[in-house]
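Here is the naming used below: chain letters follow the sequence lines, and residue numbers restart at 1 for every chain.
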Number of protein chains: 2
Amino acid sequence: MTIELLPLADVSACCAPLTREPISAIEAADLATQLKAIADPARLRLISMVAAHDDQEACVCDLTEPLGLTQGTVSHHLKVLVDAGIFSRDKRGTWAYYRLVPGALDSIATVLVSA
Amino acid sequence: MTIELLPLADVSACCAPLTREPISAIEAADLATQLKAIADPARLRLISMVAAHDDQEACVCDLTEPLGLTQGTVSHHLKVLVDAGIFSRDKRGTWAYYRLVPGALDSIATVLVSA
DNA sequence: GCTATGCATTGATGGTTGTCAATGTATAGA
DNA sequence: TCTATACATTGACAACCATCAATGCATAGC
């Protein structure tokens, strides 16, 4: 079942430059939610590991051992990333394959850039 | 008690593309420290307010009231941003003027981009 | 059906963090 | 010198978070 195209309320995908004019409290909260999802060593490594993996996707069993964390903890971090719209999840049989949502990181980066 | 004493002047943190190859645990921790400094609504608004202020600098008294937080809390957030290398601090007389470190946000954004 | 595997979820716990009130420190002016 | 202003710092507290062990829930193979 290849279910693609997550809804995800298009957080911060807008064009708020952050350094152009004072952002609202709501905009700040939304962007902070996205950044909090990434601002963790384990999740940064997960992003890096998945992106560099074969076919740009990986299952939990591929990530647990090299990350050095419990399977339950890895599953938790992956859920955080999926909820934040960074990762997509595709369950095939017994395995759950995670993949970077195209453009997710880029949209966050764009907000930070002054230009 | 945060015993935090990390200089971490090297914001660019080398050139790890994050999505190119698995980053090390140390690289992940460093980047996470930077991102944690930004991943807060109050601090995001501070960044935005300072950048959009006259002459791209502002003192604590300029920021406390519009942010709706206590002076002590604002001072705390500003310290976090200075420690992370996002803001610079310049004390002139009784006032302390804060300013965005040029390229600080951009270097963080660069790491996130797949490019 | 039984068992093994892969993953998600729960409960508990120790650590971190955002916030305020209160206090400390330094500078400027009368 | 005395007072007012501008920040920084401290202590306390509640909320949140990362982690593990244990459990639950499917699916696949026998």
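Applying the salt bridge (Lys or Arg N to Asp or Glu O under 4.0 Å) test to A:Glu21 and every residue at least two apart in sequence or in another chain returns nothing. With sequence neighbours excluded, the residues forming a side-chain contact (heavy atoms from CB on, under 4.5 Å) with A:Ala58 are A:Val50, A:His53, A:Asp62, A:Leu63, listed by chain and number. Residues meeting the side chain to side chain donor-acceptor pair (under 3.5 Å) test with A:Ser24, sequence neighbours left out: A:Glu27. A search for side chain to side chain donor-acceptor pair (under 3.5 Å) contacts involving A:Arg45 returns nothing, not counting sequence neighbours. Legend: residues meeting side chain to side chain donor-acceptor pair (under 3.5 Å) with A:Glu57, ordered by chain and number and at least two apart, are A:Arg92, A:Arg99.
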Give every pair of a protein N or O atom and an N or O atom of nucleotides 19-21 of chain D that lie under 3.5 Å apart, one pair per line with the distance.
{"from": "D:dT19", "atom 1": "OP2", "to": "A:His77", "atom 2": "NE2", "distance (Å)": "2.2"}
{"from": "D:dC20", "atom 1": "OP2", "to": "A:Thr70", "atom 2": "N", "distance (Å)": "3.0"}
{"from": "D:dC20", "atom 1": "OP2", "to": "A:Thr70", "atom 2": "OG1", "distance (Å)": "3.0"}
{"from": "D:dC20", "atom 1": "OP2", "to": "A:Thr73", "atom 2": "OG1", "distance (Å)": "3.0"}
{"from": "D:dC20", "atom 1": "O5'", "to": "A:Thr70", "atom 2": "OG1", "distance (Å)": "3.1"}

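Within residues 89-98 of chain B, the residues that have a heavy atom under 4.0 Å from DNA chain C are, in order of number, B:Gly93, B:Thr94. Shown for residues 49-64 of chain A: residues whose heavy atoms fall under 4.0 angstrom of DNA chain C, namely A:Cys59, A:Val60, A:Cys61.
Taking every heavy atom of both residues into account, B:Leu112 and A:Leu105 meet most closely at O-CB, 3.6 Å.
Regarding B:Glu65, its CD atom lies at a distance of 13 Å from the P atom of D:dA6, rounded to whole Å. The separation between B:Lys36 atom NZ and C:dT16 atom P is 10 Å, rounded to whole Å. The CZ atom of B:Arg43 sits 8 Å away from the C1' atom of C:dG18 (whole-angstrom rounding). The distance between atom CG of A:Leu35 and atom C1' of D:dC16, rounded to the nearest whole Å, is 17 Å. In this structure, A:Leu46 places its CG atom 14 Å from C1' of C:dC7, rounding to the nearest Å. Between the CG atom of A:Asp83 and the P atom of D:dC17 there is a distance of 12 Å, given to the nearest Å.
The hydrophobic cluster containing A:Ile26, built from Ile/Leu/Val/Met/Phe/Trp/Tyr side-chain heavy atoms closer than 4.5 Å, comprises no other residue. Other residues sharing a hydrophobic cluster with A:Trp95 under the 4.5 Å side-chain heavy-atom criterion for ILVMFWY residues are A:Tyr97.
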List the atom pairs, with distances to 0.1 Å, where a side-chain N or O of residues 66-80 of chain A and a protein N or O form a donor-acceptor pair under 3.5 Å, not counting sequence neighbours.
{"from": "A:His77", "atom 1": "ND1", "to": "A:Arg43", "atom 2": "NH1", "distance (Å)": "3.1"}
{"from": "A:Lys79", "atom 1": "NZ", "to": "A:Asp83", "atom 2": "OD2", "distance (Å)": "3.4"}

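Contact annotation: the side chain of B:Leu46 never approaches that of B:Tyr98 to less than 4.5 Å [non-hydrogen atoms, C-beta and beyond]. In this structure the side chain of B:Val82 never reaches within 4.5 angstrom of the side chain of B:Val101, judged on heavy atoms.
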